[in-house]
Amino acid sequence: QVQLVESGGGSVQAGGSLRVSCAVSRYASSRFCMGWFRQAPGKEREEREVVAAIASDGTASYADSVKGRFTISQDTAKNTLYLQMNSLKPEDTAMYYCAADFWMGWVNCLLADFAHWGQGTQVTVSS
């Protein structure tokens, strides 16, 4: 069983920065995709949008809405995934979820069907 626990959310003013973290209990295989998703207020679970994803080889990819502002990274020695968020906007307000998948066939982690999810951490950006 893979468990993911997010931390680091909070409230910040527009233009500010936050870093959220995700502790990974174990990696089920040496090849994997890790990702950050967000669910905006009033949206259903099915409307979660991918924010960024990273493969086991370090290849990172981003949604257009966060390119140049957010950076995904991982420290596999510490079993931790990070999302550094800069130049935050009110529209970035959402519950942020960490996700993982260990199927070795994903070519683009942004398109992965993630099997494992954390409980989320709230990020609120005020104008």
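Residue numbers start at 1 and run along the sequence shown.
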Exercise for review: Answer whether the closest heavy-atom distance between the side chains of Thr93 and Pro41 falls below 4.5 Å.
Suggested key: yes

Study note, to complete from the structure: Shortest non-hydrogen pair, Ala28 vs Phe102, comes out as N-CE2, 3.3 Å

Study note, to complete from the structure: Of all heavy-atom pairs linking Lys67 and Asp64, the shortest is NZ-OD1, 3.1 Å

Review point. Hey, does the side chain of Ser25 reach the backbone of Val2 with a donor-acceptor pair shorter than 3.5 angstrom?
Key: no

**Study point:** Asp57 CG to Ser30 OG distance, which is reported to the nearest 0.5 Å
**Key:** 11.0 Å

Practice item. Quick one: list whatever passes side chain to side chain contact (heavy atoms under 4.5 Å, CB included) with Ala40, sequence neighbours left out. Key: Lys43

Review point. Between the main-chain N or O of Ala23 and the side-chain N or O of Asn79, is there a donor-acceptor pair closer than 3.5 Å?
Key: no

Review point. Tell me the salt bridge (charged side-chain N to carboxylate O under 4.0 Å, His left out) pairs involving residues 14-35, sequence neighbours left out?
Key: none

Review point. Considering all heavy atoms of both residues, which atom of Gln122 and which atom of Ala94 are nearest to each other, and what is their separation?
Key: NE2-O, 3.3 Å

Check your understanding: Side-chain heavy atoms under 4.5 angstrom apart, residues restricted to Ile, Leu, Val, Met, Phe, Trp, Tyr: same cluster for Leu81 and Val51?
Key -> yes

Study note, to complete from the structure: Value for OG1 (Thr76) from CZ (Phe32), rounded to nearest 0.5 Å, stands at 6.0 Å

Study note, to complete from the structure: In short, Ile72 meets Met34 closest at the heavy-atom pair CD1-O, 4.1 Å

Check: residues 110-120 side-chain donor-acceptor pairs under 3.5 Å, at least two apart:
unit_1: Trp117; atom_1: NE1; unit_2: Phe114; atom_2: O; d: 3.1

**Study point:** Gap between atom CD of Gln13 and atom OG1 of Thr124 - 0.5 Å precision
**Key:** 13.0 Å

Check your understanding: Does some side-chain heavy atom of Arg38 sit less than 4.5 Å from a side-chain heavy atom of Ser65?
Key -> yes

Review point. Hey, mind stepping through Leu4 and Tyr97 against side chain to side chain contact (heavy atoms under 4.5 Å, CB included) and telling me if it holds?
Key: CA-CA 9 Å; Leu4 306 173; Tyr97 296 89; over 6 Å; no

Practice item. Measure the CG-OG distance between Leu18 and Ser11 for me, rounded to the nearest 0.5 Å. Key: 8.5 Å

Review point. With a 4.5 Å heavy-atom cut-off, do Asp92 and Met85 have their side chains touching?
Key: no

Study note, to complete from the structure: Closest heavy-atom pair, Tyr27 versus Thr80, reported as atoms and distance to 0.1 Å, is OH-N, 3.9 Å

**Study point:** salt bridge (Lys or Arg N to Asp or Glu O under 4.0 Å) involving Arg48 - partner list, sequence neighbours excluded
**Key:** none

Point to revise | Sequence-distant partners of Ser17, side chain to side chain donor-acceptor pair (under 3.5 Å), two or more places apart | key: Asn86

Point to revise | Pairs satisfying ring pair (Phe, Tyr, Trp, His ring centres under 6.0 Å), at least one member in residues 53-94, at least two apart | key: none

Check your understanding: Considering residues, nucleotides and ligands other than Glu44, do more than 12 of their heavy atoms fall under 6.0 Å from its CD?
Key -> no

Point to revise | Gln74 side, atom CD; Ser56 side, atom OG - distance, nearest 0.5 Å | key: 7.5 Å

Practice item. Determine whether Trp36 and Val66 make a side-chain contact, defined as any pair of heavy atoms from C-beta on separated by less than 4.5 Å. Key: no

Exercise for review: Apply side chain to side chain contact (heavy atoms under 4.5 Å, CB included) to the pair Tyr96 and Glu6, showing each step before the final yes or no.
Suggested key: CA-CA 8 Å; Tyr96 282 72; Glu6 301 93 337; over 6 Å; no

Review point. What is the minimum heavy-atom distance between Ala14 and Ser127, and which atoms define it?
Key: CB-CA, 4.3 Å

Point to revise | Separation of Ile54 CD1 from Ser73 OG (nearest 0.5 Å) | key: 6.5 Å

